[in-house]
Amino acid sequence: MKRNILSRPPRYLPHKIEEKWQRRWRRHKTYEPDFLGAKKPFYNLMMFPYPSAEGLHVGNMYAFVGSDIYGRLKRMQGNDVFQPIGLDGFGIHSENYALKIGRHPADQARISEKNFYRQLGMIGNGFAWNERWETYDPEYYEWTQWIFTQLFKNGLACRKKAPVNWCPSCKTVLADEQVIQEKCERCGSIVIKKELEQWFFRITKYAERLLKNLDKIDWSERVKIAQRNWIGKSEGAQITFQLVDVPGQENGKHSLKIFTTRPDTIFGATFLVISPERAKLWLDIGWQAPEDVQKYIASAAHRRNDPEEKKSVEKTGVFSGVSAINPANKEKISVWISDYVLDNVGTGAIMAVPAHDERDFVFAKKYGLPIKMVVCPHYPTPTCPVLDNAYTGEGHLVASGKFDGMPSEKARAEIIKSVGAKPITQYRLRDWLISRQRYWGAPIPLIFCDSCKIEVENEKLLKKYNKGEIENPGWIAVPDKDLPVRLPRIKDFRPEGTGVSPLAAVKSFYQTRCPKCGGKARRETDVSDTFLDSAWYYIGYLLQAKNEVRSTEYGSANLKMFRAKNKILQKWLPVDMYIGGAEHSVLHLLYTRFLGMAFHDWCLTDFDEPFPRFRAHGLLIKDGAKMSKSKGNVINPDDYIRAYGADALRMYLMFLGPFEQGGDFRDDGIKGITRFLERVWKLMPIAARIKKNEKREMTKEPQKVLHQTIKKVTEDIEGLQYNTAIAQLMICLNAFEENADGITREDALTLLKLLAPFAPHAAEELWQLSAAKKGDAFRSIHLEAWPRYDKRLTTEDTYELIVQVNGKLRGRVEIPVGTTQTDAEQAARALDSVRTHLISPPKKIIFIPGRLINFVV
RNA sequence: GCCGGAGUGGUGGAAUGGCAGACACGCAUGACUCAAAAUCAUGUGGGCGCAAGCCCAUGAGGGUUCGACUCCCUCCUCCGGCACCA
């Protein structure tokens, strides 16, 4: 084989080799780990894509290649790498497209699937194809449903009536996390609030743990910060104010609880404000409010639901006529109703301290309410400034009775005690709204039985129910043996906007028997949020491990199945390296952590953080803007792969900027990579001429560069600094070409190994041509050992000393490593440029061995 | 408004507080060619200078330091996230 290339050096023709190696790798199961026998399991995961009909775009490829390079390094370093692939094809995103083009989502899924897998195969990643699966596969969503029933049985799923986000275009409710700047995450329509009864997952039960665990996981800092903000912990107090002047009621009969993080400012609380929703509740229980107040309450509620009006930041409000007593100073203050108070935060009521809260200040100014300063930033200077906006910082208390002079931080606890308030921790995080009134999703595996509900209404059970021991009366989980609840193929899958799923019109679907009493019962017809599908997929791949043990063989015995796979789960989980987009900071990544904790608490797994290490990749943009269909700047990798080959595109994508930062896709740079690969191609036959044992006198330079390259490429891949790793490979090639006679075959093969993660096909082809002997069984370069560097060769024995005068570069001298300051100084002074600038004797000499000498005059 | 990230040649981008602009793209000139493409060679931040060389330069302005792209403060611009969260 070697002789061949010597006589007729082959040209680099990517399309001739890439498909060949992709096929061969699959046939030889090059990237399939031995799940039970693996000695050093390494789970390398990249967020799986949702198969949009347009196909894989170059941004997906960017992320996948970045993950693959890391995985390939780990594999060559001797790990058993598992790098799965699948499709997140259930859910609104896929369904909306199907609706748009008028094709059934199930049919569209098959089409997209084929196209996606074709494209994913072309990019040259080391995927374990055997374990792939799709979230809409009934075998997959059987598990999704089983997890749902587990959440239900463990008290983490509950049905609640609450004001929820409703997308008028997608005609379904959405979780808080899926509302991006008041808009639907999928279609961009402005979301409105609707009061509906829905299924929720109790993620709030885990709020503190989700927050605290962030400290122990190794994640991109920006994602941790996003999660911290989203969970939004705030510590404060619940304070009770007695109400007076309630029409037709005795004073002191009613009270109002408010939440504040600044109890220290209570002496400055000059009025209270309640949300319009809260006020409406008062009306409902018989409050005789003046007519204008009633009017306001009705209009404010309307405003909140109007997509146009809700954008307004202008605060409106009305005096309720009711007053309250400030428990700190016993002053009588007015109670207002305003839309700037949110109903779902705290108690839906606040104490307004206009001097120390921006919003209260604006409101007080507008309605001429008193502003009383109680925290002074300049204490003990008695004069406090006249405020033209609120002072929200810390200081010392004034006008606060016996607390005068106390630092505000300290006063918080003291005042809580003195007014008999309750210290409380609040989270911004809300429960995860899981129901969707749509068709294309996993049906929620619950059944409602009227007669079982009535049972709850007997006295004994009712007591339990009231104590919170029985939840969701009448609702029963579909037993494991009846899973999956198959999504029927229906003709009319269009969402109606009536608040129910299209499945609610399918009698054969919802009519069923109660698993408990056997009576007539009705299935839940909503489907679950897509994010439930993706919240456990990392386990899903492992459940697929070794194709022969598929869930069908185990029937519906899911728990048993889980246990049967336990060895594999224990061996491979948690995920060693997870890479994905930062846009999932508070969506997928939060939900997955929540489920991970639940699994752990149910003793299904022995870890509570599924992704101890996560890195967010950057965004690939085009002409400074995000790639999107609407802008028409989405790039399909197919054309580029056809023209330049997958290897060139891979390397180009990785070369255009730091992986974690992203970059701008401009195709003029891809040529440089092609040139590089062609030069590597030409170098191999030259290097092959010299065998190891007849080693010529190796010039020191290229060998040094090679070992520096091993070091740099290894470290850079570990740190996801792919752009500089590629630059170093180029430097190495440049050095090799300059000394083409001095390099050996071994040197060239080492360079190939370093190139392998980036350009897997080209590296494989050249490796097989140059390294493999005729008749040998196929052994992929990607399973070869990663090169190690010789420390002696990465360090120099002389160096260029930088010579500065007053910090300005004046020259350099070559001196041996370890030269003393005196000798270095002497060498430096010998330079003409130093002599001209050193007009007077230096006051000070800074000498940094190995680097520079600086004469300060 | 708050919280992140970033601002460096014509372009993408390199630089543990120590040679600013690695590595590429592009461009220019030359070689090869009838010619072009490809390839190879050389040059390529700005200003002054025949040259050696000198000066200026990392969004703007200050500061710390012998020395700042890098650390600190103030401000401007862009990108991303959150947004009346009490």
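These values consider heavy atoms only, across backbone and side chains, with no hydrogens, waters or symmetry-generated copies. Each chain gets a letter, A, B and so on, in the order the sequences are listed, and its residues count up from 1.
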Can you identify which nucleotide, out of [options], has its nearest atom closest to the [X] side chain?
X: A:Glu800; options: B:C56, B:C19, B:C3; result: B:C19
X: A:Ala727; options: B:A14, B:C23, B:C19; result: B:C23
X: A:Arg810; options: B:C55, B:C84, B:A24; result: B:C55
X: A:Met730; options: B:A86, B:C56, B:C23; result: B:C23
X: A:Lys315; options: B:C84, B:C19, B:C23; result: B:C84

Q. A:Tyr722 and A:Ile69: which non-hydrogen atoms are nearest, and at how many Å?
A. CE2-CG2, 3.5 Å
Q | Minimal non-hydrogen separation, A:Pro702 against A:Phe736, with atom names | A | O-CE1, 3.7 Å
Q: Measure the spacing between CG of A:Leu429 and OG1 of A:Thr204 and express it to the nearest 0.5 Å.
A: 6.5 Å
How far, in whole Å, is [M] from [N] if one measures between their [atom1] atoms?
N: B:G17; M: B:C71; atom1: P; answer: 8 Å
N: B:A14; M: B:A6; atom1: P; answer: 11 Å
N: B:G13; M: B:G9; atom1: C1'; answer: 11 Å
N: B:U42; M: B:G49; atom1: P; answer: 29 Å
N: B:G4; M: B:A15; atom1: C1'; answer: 24 Å
N: B:U74; M: B:C25; atom1: C1'; answer: 38 Å
N: B:A28; M: B:U65; atom1: C1'; answer: 42 Å
N: B:G80; M: B:C27; atom1: P; answer: 31 Å

[X] and [Y]: side chain donor to acceptor below 3.5 Å:
X: A:Asn229; Y: A:Arg428; value: no
X: A:Tyr340; Y: A:Thr316; value: no
X: A:Trp432; Y: A:Glu177; value: no

Using a heavy-atom cut-off of 4.0 Å across all strands, would you classify [X] as base, sugar-phosphate, or nothing?
X: A:Asp360; result: nothing
X: A:Arg222; result: sugar-phosphate
X: A:Tyr427; result: nothing
X: A:Arg228; result: nothing
X: A:Gly672; result: sugar-phosphate

(Q) Can you see whether A:Trp219 has A:Arg615 sitting over its ring - NZ or CZ less than 6.0 Å from the centre and within 45° of the normal? (A) no
Q | A:Lys315 charged N/C atom sitting above A:Phe363 aromatic ring, 6.0 Å / 45° | A | no
Pairing nucleotide - [N], Watson-Crick or G-U, each distance under 3.5 Å:
N: B:G80; result: B:C3
N: B:A41; result: B:U29
N: B:G9; result: none
N: B:C54; result: B:G47

Q: Encode nucleotides 64-73 of chain B as B, S and - characters from 5' to 3', where the letter depends on protein heavy atoms closer than 4.0 Å: B to the base, S only to sugar-phosphate, - to neither.
A: --B-------
Q.
Please classify the glycosidic conformation of B:G12 as syn (within 90° of 0) or anti (everything else).
A. anti
Q. Is A:Ser275 close to A:Leu342 at the side-chain level, that is, under 4.5 Å between some pair of heavy atoms?
A. no
Q) Using a cut-off of less than 4.0 Å, is there contact between a side-chain N or O of A:Asn734 and OP1 or OP2 of B:A24? A) yes
Q: Establish, with yes or no, whether the OP1 or OP2 oxygen of B:A22 is under 4.0 angstrom from a side-chain nitrogen or oxygen of A:Thr724.
A: no
Q) Quick one: on RNA chain B, does A:Ile180 or A:Glu737 contact a more 5' nucleotide (nearest heavy atom)? A) A:Glu737
Q) Does A:Ser833 or A:Arg679 map to a spot on RNA chain B nearer the 5' end, using the closest nucleotide for each? A) A:Arg679
